[in-house]
A.B. asks: 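My structure is below; once you've seen it, I'll send some questions.
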Protein chains: 2
Amino acid sequence: MTEHSDPLGFTHHDHAHCRESALQAAEDTCAREGLSLTKQRRRVLELLLRKHKAMGAYELLDAMREDGQPAQPPTVYRALDFLVSNGFAHKIERLNAFVACAHPGERHKPAFLLCSDCGLVAEMRSQGIGEAVRAAAEELDFALERMVVEAEGLCPQCRGARA
Amino acid sequence: MTEHSDPLGFTHHDHAHCRESALQAAEDTCAREGLSLTKQRRRVLELLLRKHKAMGAYELLDAMREDGQPAQPPTVYRALDFLVSNGFAHKIERLNAFVACAHPGERHKPAFLLCSDCGLVAEMRSQGIGEAVRAAAEELDFALERMVVEAEGLCPQCRGARA
DNA sequence: CCGCCTATTGTTACGTTATAACATGCTCCG
DNA sequence: CGGAGCATGTTATAACGTAACAATAGGCGG
């Protein structure tokens, strides 16, 4: 296993497990930090985990309607704000979409791989990239607060399919 | 001078000069590669260079209206598509906005610093970050095509102002 | 238990960003 | 000339996101 291991999405994995453990991590963190994982917040997080891909806010709204419990845009955006601020989900700027965090609980600066063919979104653990950005910022006396790193290209499968 | 030198925006610079040279570089590149820097495309590039900051498409439209030559959204988005595809401008995903490229002509994978206080957008030359992303992608057998790197935080000035 | 405070959610309406689809014009070249 | 291909104009609408205010719910001191 390397520092980039487990880029959620490149390999098969126990889906039910990752879903359960992510929810559990969210509950634990909320309990520990006095945050409330309310019904709507939990619902949105479950949807993100269920589909296990990047979803737009309106895609979430569609899913909520299909579940028989429709909601309005502000409801979803508020839930997403909560999830993102607390590290349970991330926004993919390039796609205007959201994914459940693949490493909840760990404090991390996420970096993503986006497949332009199949739409896969994989979250990397990449110490190296975070370090490089931090170093560049420091050299310019820039106080880094957040970083967006999204690499686009072809995932191994799609790359193969084109050969 | 380091590899991160000249992050356009941190230092004073000859504005008229950078504007002229960017336009010249665009013309040269177009001539060399058989692209046409048409009136609308040139207009949008000039506006980006004139304001020398990140501008939204509708901000550009406002400017065009004020110039007495109004245009419609598709016109601007098409010009921006051209400029971005050919490396004369970049999209800042985090801001849904566009900036003129600070290093036109050079083939590069841009990385940006965004000041969350004053709105400054600086384009870094950062070999290091590009390398780190490339390495991470390679390790996962991911065919990197494009990267989005946007570091948010406080620029030196704003950081100082808070001290 | 009650009433109050605060956080969360509901609801309506709207602002901002981006694109589809089709018509028109422009230019280069045979 | 004429048509092919690219660029632009034009209209309409899709997709993404938020402001503002009302209603509700859940915890806590009295």
Side-chain angles (χ1 to χ4, degrees), chain A residues 26-27 29-31 33-48 53-65 67-86 88-99 114 119 121 148 150, chain B residues 26-27 30-31 33-48 53-65 67-86 88-99 119 121 148 150:
Chain A
E27 276 173 3
T29 303
C30 286
E33 310 198 357
L35 303 169
S36 42
L37 189 60
T38 61
K39 184 179 153 219
Q40 300 288 37
R41 292 166 180 177
R42 192 189 165 97
R43 254 182 105 192
V44 170
L45 179 55
E46 283 180 345
L47 283 170
L48 289 176
K53 57 163 201 157
M55 295 180 77
Y58 283 76
E59 212 174 333
L60 287 163
L61 283 165
D62 290 345
M64 291 166 96
R65 187 158 15 73
D67 280 357
Q69 299 204 249
Q72 297 300 319
T75 299
V76 165
Y77 280 103
R78 288 192 282 228
L80 288 168
D81 278 351
F82 173 87
L83 296 172
V84 169
S85 326
N86 294 290
F88 306 131
H90 301 293
K91 177 167 190 183
I92 307 298
E93 299 291 344
R94 187 72 217 288
L95 305 177
N96 295 321
F98 302 82
V99 279
L114 318 182
V121 172
V148 174
E150 295 166 7
Chain B
E27 277 173 4
C30 285
E33 309 197 356
L35 302 168
S36 40
L37 189 61
T38 61
K39 183 179 152 221
Q40 299 288 35
R41 291 166 179 176
R42 192 190 165 95
R43 255 183 104 192
V44 169
L45 179 55
E46 284 181 345
L47 283 170
L48 289 176
K53 57 162 202 159
M55 296 180 76
Y58 283 75
E59 212 175 332
L60 288 163
L61 282 164
D62 290 345
M64 291 166 95
R65 187 158 15 74
D67 280 357
Q69 299 205 249
Q72 297 299 318
T75 299
V76 164
Y77 280 102
R78 288 192 284 228
L80 288 168
D81 279 351
F82 173 87
L83 297 173
V84 169
S85 326
N86 294 292
F88 305 133
H90 302 293
K91 177 168 190 184
I92 307 298
E93 299 291 345
R94 188 70 217 289
L95 305 177
N96 295 320
F98 302 83
V99 278
V121 171
V148 174
E150 295 166 7

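Chain naming here is simple, since letters A, B, ... match the order of the sequence lines and numbering starts at 1 in each.
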A.B. asks: Checking the side chain of Glu150(B) only, and the main-chain atoms of Ile92(B) only, is there a donor and an acceptor separated by less than 3.5 Å?
C.D. replies: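 Flag not set: sc Glu150(B) to bb Ile92(B) has no pair under 3.5 Å.
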A.B. asks: Please report the distance, rounded to the nearest Å, between CZ in Arg41(B) and P in dG9(D).
C.D. replies: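 Whole-Å distance recorded here is 11 Å.
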A.B. asks: Starting from P on dA7(C), measure out to CG on Asn86(A) and report it in whole angstrom.
C.D. replies: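 Nearest whole value for this atom pair: 14 Å.
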A.B. asks: Leu35(B) CG to dC28(C) C1': how many Å, rounded?
C.D. replies: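 Answer to the nearest Å: 17 Å.
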A.B. asks: Heavy atoms, side chains only, cut-off 4.5 Å: are Phe88(A) and Thr29(A) in contact?
C.D. replies: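 Touching, per the 4.5 Å side-chain cut-off.
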A.B. asks: Categorize Gln72(B) for me: base, sugar-phosphate, or nothing, with a 4.0 angstrom heavy-atom threshold over every strand shown.
C.D. replies: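 Base contact.
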A.B. asks: Say you draw a straight line from OG1 of Thr38(B) to CZ of Phe82(B); how long is it, rounded to the nearest 0.5 Å?
C.D. replies: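 Result: 7.0 Å between the selected atoms.
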A.B. asks: Please tell me which of the listed nucleotides, dA18(C), dG17(D), dT12(C), lies nearest to the side chain of Asn96(A)?
C.D. replies: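 Output: dG17(D).
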A.B. asks: Mind calculating the distance between CG (Leu80(B)) and P (dT17(C)) to the nearest angstrom?
C.D. replies: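 Result: 12 Å.
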A.B. asks: Quick one: which of dT9(C), dG17(D), dA7(D) gets closest to the side chain of Thr38(A)?
C.D. replies: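 Per side-chain heavy atoms of Thr38(A), the pick is dT9(C).
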A.B. asks: Taking CG from Leu61(A) and C1' from dT18(D), how many angstroms apart are they, rounded to a whole number?
C.D. replies: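 In whole Å, dT18(D) C1' lies 14 Å from Leu61(A) CG.
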A.B. asks: Counting only side-chain N and O atoms of Ser36(A), is one of them less than 4.0 Å from OP1 or OP2 of dA7(C)?
C.D. replies: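 Ser36(A) to dA7(C) OP1/OP2: no side-chain N or O under 4.0 Å.
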A.B. asks: Has the side chain of Arg78(A) got a donor or acceptor atom that lies under 3.5 Å from a matching backbone atom of Gln40(A)?
C.D. replies: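 Absent.
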A.B. asks: Separation of Glu59(A) atom CD from dA14(D) atom P, in whole Å?
C.D. replies: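 Roughly 17 Å, once rounded to whole Å.
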A.B. asks: So, do Val44(A) and Thr75(A) sit near enough that their side-chain heavy atoms are less than 4.5 Å apart?
C.D. replies: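 Heavy-atom side-chain distance check fails, nothing below 4.5 Å.
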A.B. asks: Arg78(A) has a side chain; which of dA7(D), dA20(D), dG9(D) sits nearest to it?
C.D. replies: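 The nucleotide sitting nearest to the side chain is dA20(D).
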A.B. asks: Can you figure out which of dT9(C), dA18(C), dT18(D) approaches the side chain of Tyr58(B) most closely?
C.D. replies: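 My answer, after comparing the listed nucleotides, is dA18(C).
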A.B. asks: Does Thr75(A) make a side-chain N or O approach to OP1 or OP2 of dT9(C) shorter than 4.0 Å?
C.D. replies: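 Looking at the OP1 and OP2 atoms of dT9(C), neither is under 4.0 Å from any side-chain N or O of Thr75(A).
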A.B. asks: Rounded off to whole Å, could you give me the CZ-to-P distance for the Phe98(A) and dC16(D) pair?
C.D. replies: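 Between P of dC16(D) and CZ of Phe98(A): 10 Å.
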A.B. asks: OP1 or OP2 of dC26(C) versus the side-chain N and O atoms of Lys39(B): is any pair under 4.0 Å?
C.D. replies: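 For dC26(C), neither OP1 nor OP2 has a side-chain N or O of Lys39(B) closer than 4.0 Å.
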A.B. asks: Just the rounded figure in Å: distance from P of dT8(D) to OH of Tyr77(B).
C.D. replies: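 Computing the Tyr77(B):OH to dT8(D):P distance gives 17 Å.
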A.B. asks: If you only use heavy atoms from C-beta on, which nucleotide in dA18(C), dA19(D), dT9(C) is closest to the side chain of Pro74(A)?
C.D. replies: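 Nearest listed nucleotide: dA19(D).
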A.B. asks: Between Ala97(A) and Ala71(B), just flag the one whose closest nucleotide in DNA chain D comes earlier from the 5' side.
C.D. replies: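 The residue mapped nearer the 5' terminus is Ala71(B).
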